[in-house]
Structure formats: C-alpha cells, structure tokens
Amino acid sequence: MRITDLMIQETMIMDLQATTKDEAIDELIASLNRSGRINDPVLFKEMIYKREAESSTGIGGGIAMPHAKTTAVNEPTVVFAKSRKGLDFEALDDQPAHVFFMIAAPEGAGNTHLRTLAALSRLLIDSDFISQLMSTDTPAEVSALFDAKQAEAAEKEAAKEKAKAEKAANAASGSTSGQQQNTSGVIVGNANSEDFVVAVTACPTGIAHTFMAEDALKKKAQEMGINIRVETNGSEGAQNVLTADEIARAKGVIVAADKNVEMARFDGKPVLQRPVSDGIRKSEELIRKAVNGDAPIYRSQGGNAKEEGASAGKISVGSKIYKDLMNGISHMLPFVVGGGILLAISFLFEQLASPENPVVQLLQTIGGGTGAFHFLIPVLAGFIAMSIGDRPALMPGMVGGLMAVNSNAGFLGGLAAGFLAGYVVIGLRKLFKGLPKAIDGLKPILLYPVFGLLIVGAISFYVFDPIFGSLNTWLVDALGNLGTGNAVLLGLLLGGMMSIDMGGPFNKAAYTFAIGVFTSSGNTDGAWMAAVMAGGMVPPLAIALATTFFKSKFTEQERKSGLTNYVLGFSFITEGAIPFAAADPLRVLTSCILGSAVAGGLTQLWSINVPAPHGGIFVAALANHALLFLLAVAIGSVISGLILGLWKKSPTLVK
C-alpha cells in the first residue's frame with residue numbers, strides 16, 4: 001500500500017492558520033471531520049490529548065505527529081499540514097513545528113495499514129526529505145514526493161534483500177561484506193565490529209514513535225560502526241524479537257519505551273530505560289552509553305535497577321501513584337463486571353423462583369462473596385503491590401487485601417495493604433542488597449515472600465484490622481442509638497454511609513444495622529432497608545449516568561465500563577463503582593455520598609418500606625410505594641451524576 005493511499009489530498013492543509021498547539025490540533029481534526037474520516041470528533045480529540053499526556057508528539061526537527069487509535073476513526077488517514085511561520089507544539093527540542101502529520105487509526109486497523117504508517121514514520125527521520133516537503137506548494141506535489149520517496153525506499157529494500165541472499169550464499173566460502181544490511185530483523189552496523197547492542201522501542205499507540213526510534217537508532221549505529229538489533233513493540237505486537245543469544249552477547253541494552261515491555265529477559269545486563277523520544281533525538285548518546293556499559297544493571301525482581309526517566313523527574317509522584325492504582329483497578333475490573341452481572345441475574349431468578357432454586361444458588365456462589373466478589377479487594381491490592389515492587393510484592397499484597405476483606409476493612413483497607421506491600425518489598429531489596437551474591441537466587445523464592453508476608457500481615461493484623469474493626473463496631477452501636485431519632489436524618493446518614501467505602505466498614509455498618517432492624521421486627525419493618533438499598537444503588541447508577549452524558553470527561557475504557565454500572569446499580573451492587581472510586585476517590589466518593597444521602601433521606605420522608613434485604617429493582621415492586629422508591633433512587637443518582645460530571649476534569653485538559 002502507498003503512503004498516499006492514507007494521506008489523501010482532500011485533507012491536506014498547505015497553509016495552517018493555527019498559532020498554538022490547541023488550535024493546530026483543532027484545525028487538523030476539523031479536516032478529518034469534514035472528509036468523513038472520523039465519526040466522533042470529541043472522542044478523537046480526547047484520545048489525541050491522552051497520547052499527548054504521555055509525551056509530546058512534537059518530536060523535534062520541526063515535526064509534530066499527533067496520533068490516536070480509536071473507534072472514532074472510520075478509515076485510516078494521515079492529515080498532512082504545513083505552517084510556514086511555525087508554532088510552539090511543546091516539541092522535545094523546544095523548536096517551532098512546521099510540518100504536521102495527524103494520524104487517525106481505527107481500532108481494527110489492518111496489518112497493511114499499520115505497516116504503511118510505520119513506513120511513513122521512518123521516512124520522517126530524513127531531514128532532507130522534510131526540507132523538500134517544506135518547499136511544496138500543492139497537495140499534488142506532496143503526494144508526488146511521497147510516492148517517489150516510497151518507490152526509492154522499496155528499491156533500496158529490494159537491493160538489501162538481494163545483498164543479504166548473496167551474503168548467505170557466500171558465507172560458506174568465508175566471504176564477508178564490510179557492512180551488514182539494514183533490514184528488519186538483521187543486525188545493522190559494521191560486521192567486523194565487536195561492539196554490539198540491542199534495543200527495544202515502544203510507544204503507547206505503537207503507530208509512529210516506535211518505528212521512528214527504531215530507524216534513528218539503526219541509522220546512528222551504522223554511522224558509528226556499531227552493530228545493533230532493534231525490536232519494535234508496535235500496534236502489530238512485538239516484531240524482530242530479540243533472541244536470548246543476542247541479549248547475552250550485547251554489551252548493553254537500550255529500552256526506548258513509553259509503555260511496559262518484557263524486561264525479565266534483560267536480568268543482569270546494563271539497561272538504559274528512556275522515553276521513546278530519546279531513541280529518536282538522542283540515539284547517539286544512548287548507543288554510546290550502551291556500548292560502554294554506562295547503565296545500571298537491571299534485575300528482573302527490581303534489584304538495583306535505576307530508571308533514569310524517574311530519576312530525571314519525568315514521572316511525578318502523582319503519576320506514579322495513579323499508574324499503580326490503575327494496575328490494580330484494571331486487573332480487578334473483570335471480577336467486578338463478571339461477578340456483578342451474574343449476581344444481577346441471580347436476583348432476577350430469585351424473584352421468579354425462590355432463594356433455594358439451584359440456578360440462583362449457583363449464580364450467587366459463582367458471582368458473590370465466595371466467588372468473583374471474594375477476589376475484588378485481594379486482586380486490587382495484589383496488583384497495586386506488583387506495580388510498585390514487581391512480582392515479589394504480588395503475594396503479600398493479595399494476602400493483605402484478603403485480610404482487609406475478612407476484617408471488614410473494605411477496599412480502602414485493600415488500597416492501604418497494596419501500597420504497603422509494594423514498598424515493603426522495595427525496602428527489603430535495599431535491606432538485603434549487601435548479602436553475598438551466592439544467595440541472590442534465594443531472595444525472590446525465600447527472603448522476599450517470607451519477610452514480605454510477615455511484615456504486611458503483621459501491620460494489617462495489628463494496625464489496619466483493629467482500626468477498621470473498632471470503627472465498624474462503633475458505627476453499628478451509634479446507629480442503634482439513633483434508631484428512635486429523626487427518621488429523615490437517619491435515612492440521610494444510612495444512605496450516605498453506603499457510598500463512603502462501598503463495601504467497607506461504613507457500608508457494612510449501615511447495611512448490618514438495617515438487617516438487624518429488619519430481622520428483629522419479624523421482616524415487617526423495611527424502612528431502614530429502603531434507605532440503605534436506595535443509597536447503595538446510587539453510586540453505580542451515578543457512574544453510568546456520568547459516563548453517558550459527560551462523555552468527554554471519561555476515557556473510552558471508562559465509558560465502556562460505565563455501561564455495566566446500569567445493570568449493577570439496578571441490582572443493588574454498589575461495588576460496580578469501586579474502580580472509579582479508587583481511581584478518583586475525592587470526586588467520585590464525594591458526589592456519590594451526597595446523592596446516596598439524598599436518596600436515603602427521601603425514602604424516610606416518603607415513608608417507604610422495602611420488605612427484602614437485597615435485589616434492587618427486582619424487589620422494588622414489593623415496596624409499599626414502589627414508584628416513590630424508584631424516584632428517590634433516580635433523584636439521588638442524577639444529583640451524584642451531575643456533580644461528578646461537572647466536577648471531574650476532562651482528559652482533554654491534561655497536557
């Protein structure tokens with residue numbers, strides 16, 4: 001496929017009017033929208049800025065390549081634009097950008113399209129070619145220039161393949177060529193040089209920077225007479241994967257990546273970990289350091305490896321905490337969705353049959369407290385810990401999370417256990433750093449697991465559990481003393497408590513109090529049950545409403561997860577909101593508490609009675625004022641949804 005099949009002339013902008021980065025992005029997106037190449041400009045812009053938040057796509061040398069891969073794209077397209085005056089695109093070299101390539105790739109972009117985009121990215125390393133582009137005046141000239149350049153590249157590639165075949169044929173006779181071929185999967189550099197390094201390049205979308213960094217490293221290595229092998233982690237997955245022999249022979253390893261790549265294979269090697277942009281603009285520096293072994297020794301269990309990006313201040317404390325949180329949330333989410341949907345179905349069957357029905361019992365066992373939901377907090381804590389302390393932290397993190405569940409510490413206790421486990425393992429690495437190298441192999445299989453589990457377990461047992469346990473007991477007693485007080489005030493309190501920790505001691509205290517009154521009254525007084533059920537239904541429904549009506553405030557993944565919260569909310573499964581609350585606790589918890597409190601208070605104002613301990617909408621018909629109960633839930637959900645939607649920061653504002 002030709003590059004010009006994606007870079008259509010009707011979208012080109014030969015005289016960009018924008019004077020700022022934001023204006024340039026808007027002008028490029030408008031061109032895509034006019035040509036019908038995208039179906040949702042708001043979503044596409046959101047994904048463009050999400051990529052910019054990772055690192056600026058103003059790569060330097062006068063070039064900017066904003067790009068996104070999303071369902072908002074109808075057809076793979078590249079918008080070419082020129083700005084004669086140039087503008088500040090927050091480029092890595094702090095110079096104005098003059099040439100722009102906005103890449104729009106659909107979620108299901110085929111391999112042919114992705115390879116074409118990779119070919120485009122590689123061409124842009126050539127400064128002479130960029131100068132030629134700047135001298136063009138019409139879209140036709142731009143297309144002709146790209147067609148000629150791509151044809152030239154194809155001829156060179158064919159010649160290299162021919163030379164490669166001839167070299168293989170002459171290998172038996174001992175014939176050598178002074179220069180190895182610069183083809184994918186082949187070592188580049190001087191065949192007689194003993195200097196050999198390996199590299200991995202990767203960017204979040206795997207469309208442009210991955211391949212530009214690859215080409216820049218190859219070209220610079222060729223100029224320096226150094227052998228190099230580069231593995232790319234692009235949209236098609238890992239290509240030209242490094243072999244164990246190549247890694248063993250390499251003097252050093254360059255990892256120019258803005259996303260996670262497989263690192264365990266580099267254990268014991270000098271490894272430079274840098275942003276992918278450094279692979280493009282600082283290729284000579286990286287190659288020289290790798291050849292000289294001027295890099296920290298990487299240990300697959302964390303060891304003494306030093307991440308230069310972090311040390312240089314490229315990752316803020318807030319970003320690191322958010323990254324660790326999201327690692328736990330992303331692994332927990334399938335348990336929330338899978339278990340929650342099965343529980344919702346079980347409630348439906350329970351109303352149609354009975355609690356003793358085998359199907360009901362099966363679904364509640366699989367999805368409920370002894371099934372998927374039993375793993376929510378342990379998985380959250382374990383993978384937060386793993387993000388911080390690597391694999392040795394996973395086990396103590398999960399155990400700490402499980403202890404939080406068993407002690408009613410809830411997801412807040414699980415969060416604390418996860419972060420504790422991660423940093424405990426980091427501390428253990430430093431503590432055991434001076435031990436003889438002969439016992440290095442015992443650290444991950446004996447020392448870290450035993451001491452990590454002991455420390456995390458002890459702190460959870462003696463600190464977290466008593467604090468949350470005492471709090472839970474106090475809350476139940478306090479609520480019991482309020483039972484004869486003002487009904488609306490207690491309804492507000494019970495409803496709000498259902499949202500404070502969504503399964504933790506506050507939530508359980510409110511629910512336990514309502515269950516206690518419910519059972520002691522011979523199943524005739526469901527007033528407090530109405531308050532806690534309404535309060536517990538609000539958080540997931542509020543999340544669902546916010547992600548539906550404030551789309552620009554949430555990522556594409558969050559919007560998809562938000563849809564499942566309609567089902568979870570209607571089913572009185574508050575835990576559906578946990579992933580959102582963990583990621584943004586201040587805004588989500590505050591907005592949900594307010595809406596839940598209103599819903600709980602309204603149930604008491606309207607004297608609503610729900611004679612069932614669970615079921616949500618499936619038992620609403622049993623209420624003495626069914627429509628008023630649903631109205632109370634709706635009002636609370638709308639209040640919370642509006643507060644969250646208006647308060648939450650838009651991803652498009654993160655730059």
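Residues take their numbers from the sequence shown, with the count starting at 1.
In this structure, CD on Glu90 lies 10.0 Å from CG on Asp94, to the nearest 0.5 angstrom. Interatomic distance, OG of Ser387 versus NE2 of His331, reported as 9.5 Å (0.5 Å rounding). Atoms OG1 and CZ, from Thr4 and Phe80 in turn, are 13.0 Å apart once rounded to the nearest 0.5 Å. Taking CD1 of Ile130 as the reference point, atom CD of Gln132 lies at 9.5 Å (rounded to 0.5 Å). Rounded to the nearest 0.5 angstrom, Thr232 OG1 and Glu214 CD are separated by 5.0 Å. Atom CD1 of Ile643 is separated from atom NZ of Lys648 by 15.0 Å, given to the nearest 0.5 angstrom.
At a threshold of 4.0 Å, the pair Lys82-Asp15 does not count as salt-bridged, since none of the basic side-chain nitrogens sits closer than that to a carboxylate oxygen. Of the charged side-chain nitrogens involved, none lies within less than 4.0 Å of a carboxylate oxygen, so that Lys218 and Glu223 do not count as a salt-bridged pair. The pair Glu285-Arg274 counts as a salt bridge, with a side-chain nitrogen and a carboxylate oxygen less than 4.0 angstrom apart. We find that Glu46 and Arg559 are joined by a salt bridge, their nearest charged nitrogen and carboxylate oxygen being less than 4.0 Å apart. A salt bridge links Glu52 and Lys21; the closest N-O separation between the charged side-chain nitrogens and carboxylate oxygens is under 4.0 Å. Comment: Lys45 engages Asp26 in a salt bridge, judged by a side-chain N to carboxylate O separation of less than 4.0 angstrom.
Side chain of Asp584 to main chain of Ala581: no donor-acceptor pair is present (N/O by atom type, distance under 3.5 Å, no hydrogens or angles). Remark: side-chain polar atoms of Gln17 are not paired, donor with acceptor, to backbone N or O of Thr19 under 3.5 angstrom. For Asp215 (side chain) and Phe211 (main-chain N/O), no donor-acceptor pair under 3.5 Å exists by modelled atom type. Here the side chain of Asn565 pairs no donor or acceptor atom with the backbone of Ile543 at under 3.5 angstrom. The backbone N or O of Thr547 lies less than 3.5 Å from no partner atom in the side chain of Glu558, so there is not a single donor-acceptor pair. Of the possible donor and acceptor atoms, none in the side chain of Thr11 sits under 3.5 Å from a partner among the backbone N and O of Met7.
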Verdict with supporting geometry, Met263 and Gln273, side chain to side chain contact (heavy atoms under 4.5 Å, CB included): CA-CA 10 Å; Met263 295 294 294; Gln273 297 186 68; 3.8 Å; yes
Side chain to side chain contact (heavy atoms under 4.5 Å, CB included) evaluation trace for Val261 with Val255: CA-CA 8 Å; Val261 298; Val255 178; 3.8 Å; yes
Candidate pair Asn74 and Arg37, rule side chain to side chain contact (heavy atoms under 4.5 Å, CB included), full reasoning: CA-CA 5 Å; Asn74 293 325; Arg37 311 295 280 197; 5.6 Å; no
Check against side chain to side chain contact (heavy atoms under 4.5 Å, CB included), Lys69 and Met47: CA-CA 8 Å; Lys69 184 177 180 183; Met47 300 309 289; over 6 Å; no
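No hydrogens or angles considered: a donor-acceptor pair under 3.5 Å links the side chains of Gln9 and Ser143.
Within the 4.5 Å cutoff, the side chain of Val79 has no heavy atoms near those of the Met12 side chain.
No cation-pi contact links Lys269 to Tyr298, judged by a cut-off of 6.0 Å to the six-membered ring centre and 45° from its axis.
The two residues Ala546 and Gly645 come nearest to each other via the heavy atoms CB-N, 4.4 Å. Of all non-hydrogen atoms in Gly279 and Ala216, the two that sit nearest each other are O-CB, 3.5 Å. Counting all heavy atoms, side chain and backbone alike, Arg587 lies closest to Lys649 at NH2-CE, 3.5 Å.
Listed by first and then second residue, the ring pair (Phe, Tyr, Trp, His ring centres under 6.0 Å) pairs involving residues 134-153 are Phe129-Phe146 (not counting sequence neighbours).
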